[in-house]
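Below: the structure, in structure tokens.
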Protein chains: 2
Amino acid sequence: MEPFEVPDVVVLRLPLYVRALTQLVAEETEVVSSQQLGRRLQMTPAQIRKDLSYFGRFGKQGRGYSVSFLLKELRRILGLDRQWRACVVGVGRLGRAIINYPGFAPEAFKIVAAFDSNPQQIGNTVGDLQVQGMFALSQTVQERDISIGILAVPAAQAQSVVDQLVESRVRGILNYAPVAPQAPKGTVMMNIDPVLSLQSMTYYLKNLA
Amino acid sequence: MEPFEVPDVVVLRLPLYVRALTQLVAEETEVVSSQQLGRRLQMTPAQIRKDLSYFGRFGKQGRGYSVSFLLKELRRILGLDRQWRACVVGVGRLGRAIINYPGFAPEAFKIVAAFDSNPQQIGNTVGDLQVQGMFALSQTVQERDISIGILAVPAAQAQSVVDQLVESRVRGILNYAPVAPQAPKGTVMMNIDPVLSLQSMTYYLKNLA
DNA sequence: TAATGTGAAAACCTTCACAGCT
DNA sequence: AGCTGTGAAGGTTTTCACATTA
């Protein structure tokens, strides 16, 4: 059972449920109510139930949700029941930190290639990857079945790299560059931008006691 | 002129306007309409005008907005007309990438201290900072007038570090750890979590053509 | 003429409250 | 008795559309 049109905000919350449920599995909790889950995540039970109801009926009235069942279902809904192969473009300090970060693999994301436009970088080893030149992008994306590109290049290069990724049929882009590049419909772009977060944060800090 | 209660979504968008206007200044554009700005940012002109209207009247009918004036006003509204001093906690690969990232300083954020709980790290130099032990947190926060803490520690340590930051009177926390720690009201926490972004992304990728 | 600023309308999202199931 | 799933209510955010002004 899968719906017409789920609000984006709901899709953004599903990974939070996945994370909380994963913890609960580790704690060997077998059943959880929307109330208990809500307490963990600081949200209302009604919101959790409503969010889940977009996708089906996963609970048992009077009892709650089977942790392992709900987790499995949510992972399926999000497409986390398969492995997603990603490449990193840009192997500066940020790119290296990303490649070496151990948090992606357990969550169904495997980084299988690294690229850089700087010829000095080509051939270097990062993690257990050989850095390749941008000219190799298209072919490697195909060969290694890459569907996600992680952008860790300076702002000035971001748009051009996005264009090359799209051209190479990468559909998902996680963008760390401090710009919002344009991409055609059918491409999914998520932006990670700590400066924007800090700049909103100061609005609230300034207006505190 | 400053308002009662501005929606959070609006505050989250203001930095986007700041960024676009900064570009326009660099391009030596003097006047911009909500329509032109909307085209750059992929949003409707009405939304931009409504957002700005929470804070005052910055435009000229028939003409548009003075780029430099609007930029100055927005920076003031966000509190970006002063410098904010931050510390980084955790100097692993991510912490080091953050400290060396050149994108914070031009945007009014200066990283002036680094901490790590690992005694091996204490005394090491990162960027031009000496890594300090956690025991020094409270005193250094006071001495260096630090109001923002940037968390780059493993999930397991995040809550404890947040508690220590709050205890040391740091009011803003930029959290890179893959958990959502609790903090008392009056603390402003922003989370940066690429795994959550990827996990929502796959929902859309999976449901593409 | 051209574009802002803004009430009002529309769309969207969250919360309520309860029927219904276990 | 306890908790889900869900229409309906309530609240928030976006968009519309136009009076107003440079």
Side-chain angles (χ1 to χ4, degrees), chain A residues 1-17 20-21 24 29-74 77 200 203-204, chain B residues 1-17 20-21 24 29-74 77 200 203-204:
Chain A
M1 188 200 203
E2 222 95 322
F4 322 165
E5 200 64 72
V6 180
D8 290 348
V9 275
V10 172
V11 176
L12 290 172
R13 281 193 294 263
L14 297 184
L16 296 173
Y17 304 151
L21 291 164
L24 287 167
T29 306
E30 303 203 336
V31 172
V32 71
S33 67
S34 58
Q35 180 139 166
Q36 295 169 307
L37 209 46
R39 203 168 316 114
R40 287 211 174 215
L41 293 168
Q42 311 261 200
M43 51 204 297
T44 67
Q47 181 163 71
I48 293 173
R49 294 202 303 277
K50 182 62 107 181
D51 283 357
L52 297 178
S53 78
Y54 282 100
F55 303 96
R57 307 155 58 119
F58 306 107
K60 290 219 192 330
Q61 279 152 327
R63 206 154 144 53
Y65 302 88
S66 154
V67 171
S68 65
F69 174 68
L70 182 55
L71 177 56
K72 194 149 139 282
E73 287 298 294
L74 288 178
I77 290 162
S200 316
Y203 175 80
Y204 297 103
Chain B
M1 187 199 201
E2 222 93 320
F4 326 161
E5 201 64 74
V6 180
D8 291 349
V9 274
V10 173
V11 175
L12 289 173
R13 281 193 295 262
L14 297 185
L16 297 172
Y17 303 151
L21 291 164
L24 287 167
T29 306
E30 303 204 338
V31 172
V32 70
S33 68
S34 57
Q35 179 138 169
Q36 295 168 310
L37 208 46
R39 203 170 314 115
R40 286 210 175 214
L41 292 168
Q42 311 262 203
M43 50 205 297
T44 66
Q47 180 162 74
I48 293 172
R49 294 202 304 276
K50 185 58 112 179
D51 283 358
L52 297 178
S53 78
Y54 282 100
F55 302 96
R57 307 156 59 123
F58 306 107
K60 290 219 193 328
Q61 279 154 326
R63 199 147 151 61
Y65 301 88
S66 153
V67 171
S68 64
F69 174 68
L70 182 56
L71 177 56
K72 193 147 140 284
E73 287 298 294
L74 288 178
I77 289 161
S200 316
Y203 175 80
Y204 297 103

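In what follows, chains carry the letters A, B, and so on, assigned in the order in which the sequence lines appear, proteins first and then strands, with residues in each chain numbered from 1.
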key: Under 4.0 Å protein heavy-atom contacts per nucleotide of nucleotides 12-22 of chain D, with B for base, S for backbone only and - for none   = -SSBBB--BBS
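- Between the CG atom of B/Leu70 and the OH atom of B/Tyr17 there is a distance of 10.0 Å, given to the nearest 0.5 Å.
- The two residues B/Val31 and B/Arg63 come nearest to each other via the heavy atoms CG2-NH2, 3.4 Å.
- Looking at heavy atoms from C-beta onward, B/Asp51 lies out of side-chain contact with B/Val9 at the 4.5 angstrom threshold.
- Considering only heavy atoms from C-beta on, B/Leu24 stays 4.5 Å or farther from B/Leu71 through its side chain.
- Taking the six-membered ring where tryptophan is involved, the planes of B/Tyr203 and A/Phe55 are perpendicular, since the angle between them exceeds 60° and thus also 30°.
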request  = Show your reasoning for whether side chain to side chain contact (heavy atoms under 4.5 Å, CB included) applies to A/Tyr204 and B/Asp8.
outcome  = CA-CA 10 Å; A/Tyr204 297 103; B/Asp8 291 349; 2.7 Å; yes
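- The interatomic distance linking A/Phe58 (CZ) with D/dT4 (P) rounds to 14 Å, in whole Å.
- If you measure from atom CZ of A/Phe69 to atom C1' of D/dT4, you get 14 Å, rounded to the nearest angstrom.
- Taking every heavy atom of both residues into account, B/Tyr65 and B/Ser34 meet most closely at CE1-N, 4.1 Å.
- Checking each of B/Arg49, B/Gln47, B/Met43 against B/Pro45 for a side chain to side chain contact (heavy atoms under 4.5 Å, CB included) leaves exactly one that passes, namely B/Arg49.
- Read 5' to 3', the first and last nucleotides of DNA chain C with an atom closer than 4.0 Å to a heavy atom of chain A are C/dC13 to C/dT22.
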